Amino acid sequence: MAKWEDYVITKLSFNEKGNSIDKVIVHDDFEEHIGDAMIKNRQWLVEQANKGKTFCCAERKIDGWSRICPFIRKADGGFNWNTTLPKEIVKRKTFISYYHYEDQDYKERFKNLFGDLITHKSVEDGDIDSDNSDGYIKQLIHQGYLADTTVLVVLIGVNTKHRKHIDWEISGALNLKVGDKCSGILGLKLPNHPDYGTGSHTYNLLPDRLSDNLKSNYAIIRDWTDDRVKMQEYIELAFEKRNTNYEDRDNSRLQMTENTNE
């Protein structure tokens, strides 16, 4: 690709008053690719602009980074850009629960689009093999997948509700023995789900344990989106539920013993 500018900005956060840039994530533009992420403050931006360095904003797409708009120093000393970027905040330790056979593409899409917004904790195919719920969850915890996970993302396709391992993963994430608190729960309705785009959800089309926690107001549910800003907001909402609605979690249901679509 052609060189965009000297530096590429992919995340940005403001100070507590919200009236001045606090931190940015920037990358060197090497023309053929952009460099590793670097955390810089507003003073650094000012110094580089004073040296004549140029900036642009970019967003992550499936096939790589895409330029959005210029990021320009104004005459009054501020900066001007015309897009909203994800915030430079703590990356939540995120476990993705999904039906491997049908929804693997969306798991990979999630990693490609949002991998720099989270700390990835998920199981890959073949990592753990167990048909016993206690054995499976213990391995998830002992091998570090759920030990300190703070947000569990459930990718909800047509047959997600029928899969026992997804039920076990939700149950494990709600386990009080996991870390200092259990995980927040975010359900994402995939485009192939009947409720996608309706603005509502049907409990009997969702994993039962997820439905329990939506009814109790512990979990949240949203439509799938490629929007990085929205996805970061969804993850933060689920994370905050660990504090604001901690007593509302519901892990009382007996765990599934078999898949119900076979």
Side-chain angles (χ1 to χ4, degrees), residues 1 10 33-34 58-66 68 86 91-131 136 139-140 143 145-146 149-170 172-173 183-202 204-211 214 219-238 256 259-262:
M1 67 182 188
T10 57
H33 69 281
I34 66 173
E59 62 181 342
R60 197 166 181 173
K61 300 287 191 179
I62 290 299
D63 56 355
W65 292 99
S66 176
I68 308 173
K91 295 180 182 181
R92 307 306 177 190
K93 296 175 181 177
T94 303
F95 185 102
I96 305 170
S97 181
Y98 68 104
Y99 182 15
H100 291 229
Y101 180 72
E102 291 187 355
D103 301 319
Q104 183 68 36
D105 287 348
Y106 274 97
K107 192 285 184 79
E108 296 304 319
R109 191 175 187 89
F110 190 99
K111 287 173 61 179
N112 289 337
L113 288 173
F114 314 121
D116 64 317
L117 303 180
I118 63 170
T119 299
H120 189 62
K121 302 287 290 184
S122 303
V123 173
E124 303 294 342
D125 280 336
D127 283 351
I128 295 178
D129 183 19
S130 176
D131 285 328
Y136 183 75
Q139 288 183 69
L140 288 178
Q143 295 186 28
Y145 296 106
L146 282 181
T149 291
T150 55
V151 175
L152 182 90
V153 174
V154 185
L155 303 183
I156 309 168
V158 175
N159 288 307
T160 306
K161 72 180 301 291
H162 298 294
R163 309 307 296 179
K164 62 184 180 182
H165 285 84
I166 292 171
D167 178 63
W168 299 350
E169 287 164 359
I170 298 172
S183 300
I185 307 293
L186 166 61
L188 291 175
K189 293 176 287 181
L190 300 181
N192 63 358
H193 193 275
D195 288 337
Y196 179 82
T198 66
S200 62
H201 50 273
T202 308
N204 65 8
L205 297 180
L206 307 175
D208 288 336
R209 200 174 305 275
L210 174 61
S211 291
L214 289 169
I220 68 170
I221 189 168
R222 297 289 188 274
D223 283 342
W224 170 274
T225 179
D226 285 354
D227 189 311
R228 285 162 53 79
V229 173
K230 286 184 179 180
M231 190 62 74
Q232 188 182 59
E233 290 175 353
Y234 298 165
I235 291 170
E236 287 301 300
L237 282 171
M256 291 175 64
N259 297 318
T260 57
N261 64 333
E262 295 180 345

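Just so we're clear, the structure is a prediction, and the values are computed from it rather than from any experiment. The figures here come from the full heavy-atom set of this structure, side chains too, leaving out hydrogens, waters and symmetry mates.
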If you round to the nearest 0.5 Å, how far is [atom2] of [Y] from [atom1] of [X]?
X	Y	atom1	atom2	answer
Trp65	His33	CH2	NE2	13.5 Å
Lys107	Asn112	NZ	CG	11.0 Å
His120	Ile96	NE2	CD1	5.0 Å
His162	Tyr99	NE2	OH	9.5 Å
Asp226	Ile62	CG	CD1	6.0 Å
Glu59	Thr10	CD	OG1	11.0 Å

Between [X] and [Y] (side chain of the first, backbone of the second, donor and acceptor by atom type, cut-off under 3.5 Å), is there such a pair?
X	Y	answer
Lys189	Ser200	yes
His193	His201	no
Arg228	Leu113	yes
Asn259	Lys164	yes
Asp103	Tyr98	no
Ser183	Leu152	no
Asp223	Gly197	yes
Arg92	Glu236	no
Thr160	Leu155	yes

Side-chain heavy-atom pair [X], [Y] within 4.5 angstrom cut-off:
X	Y	result
Leu206	Ile221	yes
Ile118	Phe110	yes
Pro207	Ile170	yes

For the student: nearest non-hydrogen atoms of [X] and [Y], plus distance:
X	Y	answer
His100	Gln104	O-CB, 3.4 Å
Val229	Pro86	CG2-N, 3.7 Å
Lys91	Thr119	CB-OG1, 3.7 Å
Phe114	Trp224	CE1-CH2, 4.0 Å
Lys61	Ser66	CG-CB, 3.8 Å
Pro191	Tyr106	CG-OH, 3.2 Å

Please identify which of these residues, His165, Glu169, Arg163, meets the side chain to side chain donor-acceptor pair (under 3.5 Å) condition with Ser97.
Glu169

Do Leu210 and Ile156 pass the side-chain contact (heavy atoms from CB on, under 4.5 Å) test, and can you show the C-alpha distance, the side-chain angles, and the key distance before you say yes or no?
CA-CA 10 Å; Leu210 174 61; Ile156 309 168; 3.6 Å; yes

Applying side-chain contact (heavy atoms from CB on, under 4.5 Å) to Leu186 and Ile235, what does each step give before you reach the verdict?
CA-CA 7 Å; Leu186 166 61; Ile235 291 170; 4.1 Å; yes

Show the numbers, then the answer: is there a side-chain contact (heavy atoms from CB on, under 4.5 Å) between Asp208 and Met256?
CA-CA 10 Å; Asp208 288 336; Met256 291 175 64; over 6 Å; no

Apply the test side-chain contact (heavy atoms from CB on, under 4.5 Å) to residues Tyr234 and Leu188: give CA-CA distance (whole Å), side-chain angles for both, the deciding distance (0.1 Å), then the verdict.
CA-CA 9 Å; Tyr234 298 165; Leu188 291 175; 4.2 Å; yes

